[in-house]
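Structure record follows, encoded as structure tokens.
Since we're looking at a predicted model, the values are computed, not measured. Here, residue 1 is the first one in the sequence, and each next residue gets the next number.
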Amino acid sequence: MSVAFGWGPVEARALVPDPTACLVVVDVLSFTTAAGVSEERPLAVIASGERWPDGSLRPVLEDHLGAGAVLDALRTLAPGHHLTPEATAAATPWAATDDPVAALHGCDSGRELYEYGYPQDVEVAAETDASTAVPVLVDGAFTEAP
């Protein structure tokens, strides 16, 4: 199975127009990180990004690293899933970053959260392999996957 990578909602719709597709949405410092893998369904990992003042997509380091972590794990743990060239390129920064936690703390969004008084949000987002729950969007609301 092929695993694709893209940025934001427009590319998510373009990559996986099939409503039965498995879509992994990564939004590290603003909302949630969600992941799920299934067999025989299209799969794409989407880095959410932020918005510029004009509403256009602003790719951000934390979501790129988060998506890279998911893609790198898929490459390692699910060898039957073939990463597209874009997905392979997106996984590379995660694998090549010596200290992803320091990168998360030092990126623009991480520094902004510290300035706004939310350092604990950065601490929680920097944890890897810390949660066994996977939120799944069902009828417009996130629920825990079975």
Side-chain angles (χ1 to χ4, degrees), residues 1-52 56-114 118-146:
M1 173 190 334
S2 180
V3 179
F5 169 78
W7 280 96
V10 173
E11 195 163 11
R13 284 187 290 275
L15 287 173
V16 287
D18 180 354
T20 65
C22 182
L23 187 63
V24 177
V25 177
V26 178
D27 191 352
V28 173
L29 288 178
S30 296
F31 186 58
T32 185
T33 300
V37 178
S38 61
E39 296 299 323
E40 307 308 336
R41 293 169 62 185
L43 173 60
V45 175
I46 302 296
S48 295
E50 299 291 337
R51 295 284 176 196
W52 289 109
S56 63
L57 178 67
R58 177 174 71 102
V60 292
L61 179 63
E62 67 270 15
D63 292 348
H64 196 155
L65 289 174
V70 171
L71 290 161
D72 191 55
L74 280 171
R75 182 169 45 193
T76 303
L77 301 173
H81 292 72
H82 167 75
L83 272 60
T84 64
E86 293 84 358
T88 299
T92 301
W94 170 260
T97 300
D98 289 333
D99 190 349
V101 172
L104 188 59
H105 285 273
C107 71
D108 288 342
S109 297
R111 290 192 320 270
E112 286 175 4
L113 285 173
Y114 269 90
Y118 297 101
Q120 68 279 6
D121 288 11
V122 181
E123 293 294 329
V124 169
E127 296 174 358
T128 56
D129 298 326
S131 177
T132 58
V134 176
V136 176
L137 186 63
V138 177
D139 297 326
F142 283 103
T143 60
E144 187 174 331

Quiz item: Quick one: OG1 on Thr97 to CG on Leu65, what's the gap to the nearest 0.5 Å?
Solution: 5.0 Å
Quiz prompt | Minimum heavy-atom distance Leu29-Ala125, with the two atoms named | solution = CD2-CB, 3.5 Å
Exercise. Locate the shortest heavy-atom distance separating Val122 from Leu104; write the atom from each residue and the value.
Key: O-CD2, 4.1 Å
Quiz item: What closest approach, in Å, do Trp7 and Pro59 show between heavy atoms, and which atom pair accounts for it?
Solution: CZ3-CA, 3.7 Å
Practice problem: Please test His82 against Val3 for side-chain contact (heavy atoms from CB on, under 4.5 Å), starting from the C-alpha separation and ending with a verdict. | Solution: CA-CA 6 Å; His82 167 75; Val3 179; over 6 Å; no
Quiz prompt | Thr88, Leu83, Thr84 screened by side-chain contact (heavy atoms from CB on, under 4.5 Å) with Glu86, the one that passes | solution = Thr84
Quiz item: Going from CD on Gln120 to CG on Leu113, what distance comes out if it is rounded to the nearest 0.5 angstrom?
Solution: 9.0 Å
Quiz item: Going by the angle between their ring planes, with limits at 30° and 60°, are His105 and Tyr114 parallel, tilted or perpendicular?
Solution: tilted
Quiz item: Nearest heavy-atom pair of Ala89 and His64: which atoms, and what distance?
Solution: O-NE2, 4.5 Å
Practice problem: Work out which heavy atom in Gly68 is nearest to a heavy atom in Trp94; give both atom names and the distance. | Solution: C-CB, 3.6 Å
Quiz prompt | Between CG on residue Leu57 and CH2 on residue Trp52, distance to nearest 0.5 Å | solution = 10.0 Å
Quiz prompt | Heavy atoms from other residues, nucleotides or ligands near CG of Asp129 exceed 12 (cutoff 6.0 Å) | solution = no
Practice problem: Working to the nearest 0.5 Å, report the span between CG of Leu15 and CG of Leu43. | Solution: 10.5 Å
Quiz item: Can you tell if the side chain of Ile46 reaches within under 4.5 Å of the side chain of Leu23, non-hydrogen atoms only?
Solution: yes
Quiz prompt | Distance, nearest 0.5 Å, that separates OG1 of Thr76 from NE2 of His81 | solution = 13.0 Å
Exercise. Could I get the full list of salt bridge (charged side-chain N to carboxylate O under 4.0 Å, His left out) partners for Asp72, not counting sequence neighbours?
Key: Arg75
Practice problem: Taking all non-hydrogen atoms of both residues into account, name the closest pair between Leu71 and Ala90 and its distance. | Solution: CD1-CB, 3.7 Å
Self-check item: Side-chain donor/acceptor of Ser48 to backbone N/O of Val26, under 3.5 Å
Solution: yes
